[in-house]
Amino acid sequence: MAEQNNNQQQDVNQLLKVRYDKLHELQENGKDPFVITKYDVTNHSTDVKEHFEEMGGKEVSLAGRMMFKRVMGKASFCNIQDLKGRIQIYVARDSIGEESYADFKKYDVGDILGVKGTVFKTKTGEISIHAAEVTLLSKSLQILPEKFHGLTDTDTRYRQRYVDLIMNEDVKDTFVKRSKVISTIRRYLDGQGFMEVETPMLVSNAGGAAARPFETHFNALDEDLKLRISLELYLKRLIVGGMERVYEIGRVFRNEGLDTRHNPEFTLMELYQAYTDYHGMMDLTENLYRYVAKEVTGSEILTYGEHTMDLSKPFERITMVDAVKKYAGVDFNEVKDTAEAKKLADEHHIEYEERHEKGDILNLFFEEYVEEHLIQPTFVMDHPIEISPLTKKKPENPDYVERFEFFMNGWEMANAYSELNDPIDQRARFAAQEEAFAAGDEEANHTDEDFLNALSIGMPPTGGIGFGIDRMVMMMTNSPAIRDVLLFPTMKSIDK
């Protein structure tokens, strides 16, 4: 096996040497492709194919990567691939000239070509370009994966996304759809009167979510800073300042593990709307998800793996207590205190920490028994106060808050509140979070004095929500892992 691998490497090295030799020959003959700075492109491949009736017989100029070549004496065929697809090129010696044809025969799969020629249809009915001029725009000095097996190793695909995009058309389609998801969200929110804003990534106090931050050092000020874990606290400051509807789509950073749904840096969209509550956020979420699904996939019915999710119907709304009662058979309305909640957890073999209180135990029951059942779009409302330090209490039951999480496919897709705007209550919640941190909760929030000052100025009743954009894209593209929708996911470094 070792000898076979060694022979294969020698073969690859020889092929690479041939490509470098071809480049040197071109350069010696004054045909260095790397000195070319631009090429005028009039059309993409699909423009020609989809509008053949009007473009047949007309001259066009295209550019792309040569993915296939077949030389047949005085005439040859090749395929070039551009942003939108592939198209066949017919290259004849009599059309492009003897010297250019001799050069063309030496071009390799992977080279980037510019082609000017006439649109026509071959005898077999394939829409093609009859080349009048072929220009080598960039020489590929590496070898693309073998045509029929392509690039299938996932680790290599993620590390070399540029090759993945070349070889796998469905991958490119995923990221085209990702871009469309984000632009569609912006279009919808702009139409609802929201203003897009930008807030700091480097912060002294990373608050707004339960997560461990990354830490860094700012040399100019000789000050330790953190990468933001949320967008929340700065966006609420803007609500205080009178910007009644704001949103931000941006990267956030959480120092946590990697799995199919988590990457340490990911894209979050948060929005805040004055003079509404979490019910208003539910209505907005329903309408936004339907709109994005229809615009991006053409349907309000989404298929993800073995599940089909119907966004056309009203989304289910259920409290966390009722959800646990439904799926675990435990009614937390009947649970008197933390001691009784921990006894129930012991009986159900649910692990908890000493610091956990009744509301924490309820959430553990929810995670253990309920989440996997929430396949259809579902709002889980009214969370315990212990896990919701930035949320308004329910006036009729202050042990719970006006919060919901939006679920699909058993995943949390969004998190929303009736935002806490009482600065006195907020200070007390921060104090409780500081105690939790001291007791070992590394994801607890810290007191943010400037945010408390903003609340003291006065923040109107406000609804807020955070959407995980990457999970939304996974759902819209039927992608099995978050790395499949991140162009450059976080990967462990390979020793050089």
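Just so you know, these numbers come straight off a predicted model, no measurement behind them. All values below come from the heavy atoms of this structure, side chains included, with hydrogens, waters and symmetry mates left out.
Ring-plane geometry between F366 and F407 is classed as perpendicular, the angle between the planes exceeding 60 degrees on a 0 to 90 degree scale with a lower cut at 30.
Proximity of F218 to D224: side-chain heavy atoms (C-beta onward) are nowhere separated by under 4.5 Å. Using a 4.5 Å cut-off on side-chain heavy atoms (C-beta onward), E402 and Y417 make no contact. Using a 4.5 Å heavy-atom threshold, the side chains of V292 and M476 count as touching. Contact of the E232 side chain with the L390 side chain is registered, since non-hydrogen atoms from C-beta on lie closer than 4.5 Å. In this structure, V485 and S479 have side chains that are in contact, with non-hydrogen atoms separated by less than 4.5 Å. Within the 4.5 Å cutoff, no side-chain heavy atoms of D111 are placed close to those of R65. At a threshold of 4.5 Å between non-hydrogen side-chain atoms, the residues M269 and I182 do not count as touching. For the pair E270 and E248, the minimum side-chain heavy-atom distance is 4.5 Å or more.
Using a 4.0 Å cut-off between a side-chain N of Lys or Arg and a carboxylate O of Asp or Glu, E405 and R403 qualify as a salt bridge. A salt bridge does not link E412 with R471: every distance from a Lys NZ or Arg NE/NH1/NH2 to an Asp or Glu carboxylate oxygen is 4.0 Å or more. Comment: K393 does not engage D399 in a salt bridge, judged by the lack of any side-chain N to carboxylate O separation of less than 4.0 angstrom. A salt bridge links D382 with K394: the closest approach of a Lys/Arg side-chain nitrogen to an acidic carboxylate oxygen falls below 4.0 angstrom. Look at D173 and K177 and you find a salt bridge, because one of the NZ, NE, NH1 or NH2 atoms lies within 4.0 Å of a carboxylate O, short of that distance. Look at R237 and D450 and you find a salt bridge, because one of the NZ, NE, NH1 or NH2 atoms lies within 4.0 Å of a carboxylate O, short of that distance.
Between H348 and F365, the gap from one ring centroid to the other is short of 6.0 Å.
No cation-pi contact links R427 to F430, judged by a cut-off of 6.0 Å to the six-membered ring centre and 45° from its axis.
Closest non-hydrogen pair, H356 versus K342, comes out as O-CE, 3.1 Å.
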### Derivation of the side chain to side chain contact (heavy atoms under 4.5 Å, CB included) call for R86 and S45
CA-CA 6 Å; R86 296 186 184 186; S45 55; 5.8 Å; no

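Between the side chain of R19 and the backbone N or O of Q142 there is at least one donor-acceptor pair closer than 3.5 Å. Using modelled atom types, one side-chain atom of D32 and one backbone atom of F34 make a donor-acceptor pair closer than 3.5 Å. Side-chain atoms of R429 come within 3.5 Å of backbone N or O of T391 as a donor-acceptor pair.
Rounded to the nearest 0.5 angstrom, Y272 OH and R245 CZ are separated by 15.5 Å. We find the CG-CG distance between N478 and D170 to be 11.0 Å, quoted to the nearest 0.5 Å.
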